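Sequence positions, counted from 1, serve as the residue numbers for this chain. Ligands are counted one by one from 1 in listed order, and the atoms in each one are counted from 1 as well. Worth saying up front: this structure is predicted, and the values here are computed from it rather than measured.
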Amino acid sequence: MTTTPRSIKAFQRIGEENALSILSRSVELASQGRDIINLGVGQPDFQTPAHIVEAAIKALRDGHHGYTPVSGILPLREAVARRTLTTTGIEISPDNIFIMPGGKVTMFAAIMMMGEPGAEILYPDPGFPIYRSMIEFTGAKPVPVPIHKANDFSFSAEETLSLITDKTRLLIINSPGNPTGGVAPKSEIELLVKGLEAHPNVVILSDEIYDTILYDGQKHISLLQFPSIRDRLIILNGWSKTWAMTGWRLGWSIWPDDLYEDVRKLAVNAWSCVNAPAQYAAIAAIDGPQDDVKKMLAAFDTRRKIIVERLNALPDVTCTMPKGAFYAFPDISGTGWKSKELATILLEEIGVATVGGPDFGILGEGYLRLSYANSVENIEKAVERIGDFLSR
Ligand code: PLP
C-alpha cells in the first residue's frame, strides 16, 4: 500500500479515546464469562425515555426517510433555540444553530476550522482526549490549560489568559468538566471573559454537554450569557448525556454568523445531514416531559455521594466531591501506583473498568476516572474490590 505524506504525518499524530478501547476490552472479558463492572465509559446507564423512542418510530412511520436540510430540520433548530432561552435566558436565532451527528462532531469541526501549523489552541488538561488529538491532527500546537485539584477542578482565568499569545486561535473550555466533574465558578468565568475582551481574535469553544448534570442546586452558567464574546463563540451541546442518547449520535451547536457557512460546507462534505428520525426524537426530548431526566439526575446525585464516600474510605485514596457530570476523579498517587498501570490491573485482575487519568492529559497522572453511571450495587461492589486489591 502506498502512503501519502498526509497519512504519514497527520495520522501518526491523531490520538484516541481510551475509554472506548476499555469498553471493548470489558465486553471481550465479559464474553469470556468474567464478572466485569464497568465504571469506564461515560454514558448514562439508563434507557432513552420512552416518549423519545416513540417519536423516532413515529417519524419513520410518517415517512421521514430522506435527507433533511444540512443544518437540521427547522422545528428542531427552533426547539433548541427555545431550550437555550429557557436555560440561559439568551435568544438565539435558529439560523445560528447547527444539528450535529454527536457532540463530538462540533469539536471536530471547530478544531478543523481553527487549527493549522503555526497556530496554537488552548484546551483543558485533564480534559476530553479528543481536543488534543484533533489539535495535533491539524498540525496546530496544543497548549494545555491546567485544571488543578487545588482550584476545585476549575480553570484559573489568570493562568488561562497568561497562556494566550498572538498565535492563539482557539480556546476550549469545558464546564461541567470531564473527567473531573469540576464546575467553573461564576467569578472565574467573568474574569476570563473580561480578559478575553483584550484578545478579539481568539475564538472560544465552550463544551457545555453536561449543562444539566449539576448538583446541590447549582445553575449552569453558559458562555452565551456574555455578549462581549458572542461574535466569536461556538457552543457544543447535545442529547447524549442529558437524555441518555449516546448511541443516537445527536448533538447541537451554536455558531457565530462568520463561521456558520464554514460548518455548513464541512457538513455537506462529510455527513450531509443527521439521520431524520433521530431529529424528530430530539424535538420530543426537548419539548416533552422532563420527569425521566429529573429521575436520572437524582440517581446520579445519590451515586455521587456513595462513590465519593467509599473512595475516601480506601487506603491512600482521596476524592473531591464532583460538582457536575457523572465522574469521580480520585487522587490515587498515595497508593504508589501509576494511574494507567492501576487501571489496567483493576480491569484484568478484579474486573473493574476505570480510566487512568493520563488518558485525559499529562496532568491526569495520579488520578483515576470512575464513571458513576452505574447502579449503587455495582458501585459499592466495584469500590470494595478496589479496596481489597489495594490492601493486598
Ligand atoms: N464533550 C465532552 C466533555 C464529553 O465528555 C463527551 C462525551 O463523553 C462529548 C463531548 C461527546 O459527546 P457525544 O457522545 O454526543 O459525541
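Regarding atom 12 (O) of ligand 1, its nearest protein heavy-atom neighbour is I209 CD1, 3.5 Å. Counting protein heavy atoms only, atom 9 (C) of ligand 1 is closest to F128 CZ, 3.9 Å. Nearest protein neighbour of atom 14 (O) of ligand 1, counting heavy atoms only, is R249 NH1, 3.1 Å. Here the protein heavy atom with the shortest distance to atom 15 (O) of ligand 1 is S240 OG, 2.6 Å.
In this structure, W239 has no heavy atom closer than 4.0 Å to ligand 1. Heavy-atom separations between M107 and ligand 1 include at least one value shorter than 4.0 Å.
Taking each of G103, A325, P179 in turn, the one with a heavy atom nearest to atom 13 (P) of ligand 1 proves to be G103. Of all the listed residues (D207, N178, I130), D207 holds the heavy atom that lies closest to atom 2 (C) of ligand 1. Taking each of E208, M245, K104 in turn, the one with a heavy atom nearest to atom 11 (C) of ligand 1 proves to be K104.
Within the structure, the side chain to side chain donor-acceptor pair (under 3.5 Å) test picks out the following pairs touching residues 39-61 (sequence neighbours left out): Q43-T246, D45-R303, T48-W248, K58-D62.
Salt-bridge formation is detected for the pair R82/D287: a Lys NZ or Arg NE/NH1/NH2 atom is positioned less than 4.0 Å from an Asp or Glu carboxylate oxygen. Ion pairing of K294 with D291 is absent here, as no side-chain N (NZ or NE/NH1/NH2) approaches a carboxylate O to less than 4.0 Å. With respect to the salt-bridge test (charged N to carboxylate O, under 4.0 angstrom), the residues E349 and R392 qualify. For the pair E17 and K104, the salt-bridge criterion is met [side-chain N within less than 4.0 Å of a carboxylate O].
Residue N174 approaches ligand 1 through these ligand atoms, each under 4.0 Å from one of its heavy atoms: 3 (C). Residue Y210 approaches ligand 1 through these ligand atoms, each under 4.0 Å from one of its heavy atoms: 3 (C), 4 (C), 5 (O), 8 (O). Near G102, with a cut-off below 4.0 Å to any heavy atom, the atoms of ligand 1 are 15 (O), 16 (O).
Partners of E188 by salt bridge (Lys or Arg N to Asp or Glu O under 4.0 Å), not counting sequence neighbours: none found.
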Might you work through the side-chain hydrogen bond (donor to acceptor under 3.5 Å, both in side chains) test for T68 and Q279, ending with a clear yes or no?
CA-CA 9 Å; T68 76; Q279 293 192 52; 3.0 Å; yes

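Residue Y131 places no N or O, backbone or side chain, under 3.5 Å from any N or O of ligand 1. Considering both main-chain and side-chain atoms, K241 comes within under 3.5 Å of ligand 1 through a nitrogen or oxygen pair.
A side-chain donor-acceptor contact under 3.5 Å links E208 to the backbone of L223. D125 contributes no side-chain N or O that, together with a main-chain N or O of P146, makes up a donor-acceptor pair within less than 3.5 Å.
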